[in-house]
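Here is the structure we will look at.
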2 protein chains.
Amino acid sequence: MQEGTFSSHGHCRGTTARGDVFAADCPTRRLLDRIADKWSTLILLTLHDQPMRFNGLKRRIDGVSQKMLSQTLRSLERDGLVSRSVVATVPVSVTYAITPLGASLVASLRAMIDWAETRMPEVAAAQAAYDTISGRSVPEIA
Amino acid sequence: MQEGTFSSHGHCRGTTARGDVFAADCPTRRLLDRIADKWSTLILLTLHDQPMRFNGLKRRIDGVSQKMLSQTLRSLERDGLVSRSVVATVPVSVTYAITPLGASLVASLRAMIDWAETRMPEVAAAQAAYDTISGRSVPEIA
DNA sequence: TCCGTTGGTTTCCAATGGAGACCAGGTGCT
DNA sequence: AGCACCTGGTCTCCATTGGAAACCAACGGA
């Protein structure tokens, strides 16, 4: 019966123009899965500062593998969030830049990152408390 | 040399109080990986509307497996974003609720979801354009 | 000549995610 | 009485994913 209490959520393909991420088969769900991603977030944030080339991104985003970087960049390009331009120089140089559509998402991502960076102490405290109380039953490495 | 051009980003453990998600070994990176997650996002959004029980969440969040639901809920509980309360009723009932810390993150997540639900048409158009232009080299199923 | 740099792709292996079985223990339905 | 089903999970199995590293072509510099 609780389902009915959610008034504003349709079934994705309804009379409303917007999708519904709570529906598994809605395209917005797949979109959410893409943008709610570690590497996508970091790439978009970086490119929002300035356009950058492949190896620049790789250096900037510590720990990303070449595979995930090229893969994620291709997804972002396909989704129209990032543009890719090849300059046929000496060793071919490829520059990535954020698109207006991508830029329109950055504010939200930035807010999420800001939250993570500022609220980390509270989260760490919660983790410590959790691990102390239920430490025996939930060890770090089971 | 480009690294130096990013003035505001430290090496996570610096004089600044905040972390740096761009550093692979920074705890905020792990935190980002948790909150930038499909299921975490949907769970927090749902619990922000009202507290809910396990199977309620499972019904509400279409397509989530029991394993991922319980796993994600435990992570969120450990991070202090969600609280878990067991009521020893008839069949034991477990209620999950969002904490103030979790609620402080929801606005950003909500913005991300809103972006996905409203900008989906533009993304779909970009995908169609991409698939048309480079359709032969990047077929849907390779 | 050999290394490094460009931007990737490919290969291999470990970790993750999903489907579904299984669990306890009580309750309603027949 | 017996059976299915509710609660909230866990466990096992398999497919997909992610990461590390090798490989690639073409060119520049030592």
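Proteins get letters first, then strands, A, B, ... in listed order; numbering begins at 1 in each.
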>> How many whole angstroms separate atom CZ of B:Arg74 from atom P of C:dT16?
In response: 14 Å

>> Nearest whole Å is fine: how far is D:dC5 C1' from B:Arg59 CZ?
In response: 13 Å

>> Keeping A:Asp37 on the side-chain end and A:Ser40 on the backbone end, is there a donor-acceptor pair under 3.5 Å?
In response: yes

> Just how far, in rounded Å, is P of D:dC23 from NZ of A:Lys67?
Replying inline: 17 Å

>> If I take atom CE in residue A:Met68 and atom P in nucleotide C:dG8, what distance separates them, rounded to the nearest angstrom?
In response: 15 Å

> Rounding to a whole Å, what distance do you find between B:Ile43:CD1 and C:dG17:P?
Replying inline: 12 Å

> What integer distance in Å separates A:Glu77:CD from C:dG7:C1'?
Replying inline: 14 Å

> Atom OH of A:Tyr96 and atom P of C:dG7: how far apart are they, to the nearest Å?
Replying inline: 8 Å

> Between atom CG in B:Asn55 and atom P in D:dT7, what is the gap in whole Å?
Replying inline: 5 Å

> Between A:Leu73 and B:Lys38, who's closer to the 5' end of DNA chain C by nearest nucleotide?
Replying inline: A:Leu73

> When you measure from the centre of the six-membered ring of B:Tyr96, is the NZ or CZ of B:Arg53 under 6.0 Å away and within 45° of the axis?
Replying inline: no

>> Between A:Ser70 and C:dT9, is there a contact of a side-chain N or O with OP1 or OP2 at under 4.0 Å?
In response: yes

> Would you call A:Asp114 and A:Arg119 a salt bridge, using N to O less than 4.0 angstrom?
Replying inline: no

>> Between the side chains of A:Arg74 and A:Glu77, is the shortest nitrogen-to-carboxylate-oxygen separation below 4.0 Å, so that they form an ion pair?
In response: no

> In terms of side-chain heavy atoms of B:Pro91, which of D:dG18, C:dT6, D:dT7 is nearest?
Replying inline: D:dT7

> Taking only side-chain nitrogens and oxygens of B:Gln71, does any of them come within less than 4.0 Å of OP1 or OP2 of C:dG17?
Replying inline: yes

> Nearest of D:dG9, C:dG8, D:dG19 to any side-chain atom of A:Ser65?
Replying inline: D:dG19

>> When you measure from the side-chain N and O atoms of B:Trp39 to the phosphate of C:dT16, is any distance below 4.0 Å, counting only OP1 and OP2?
In response: no

> If you round to the nearest 0.5 Å, how far is CD1 of B:Ile43 from CG of B:Leu76?
Replying inline: 5.5 Å

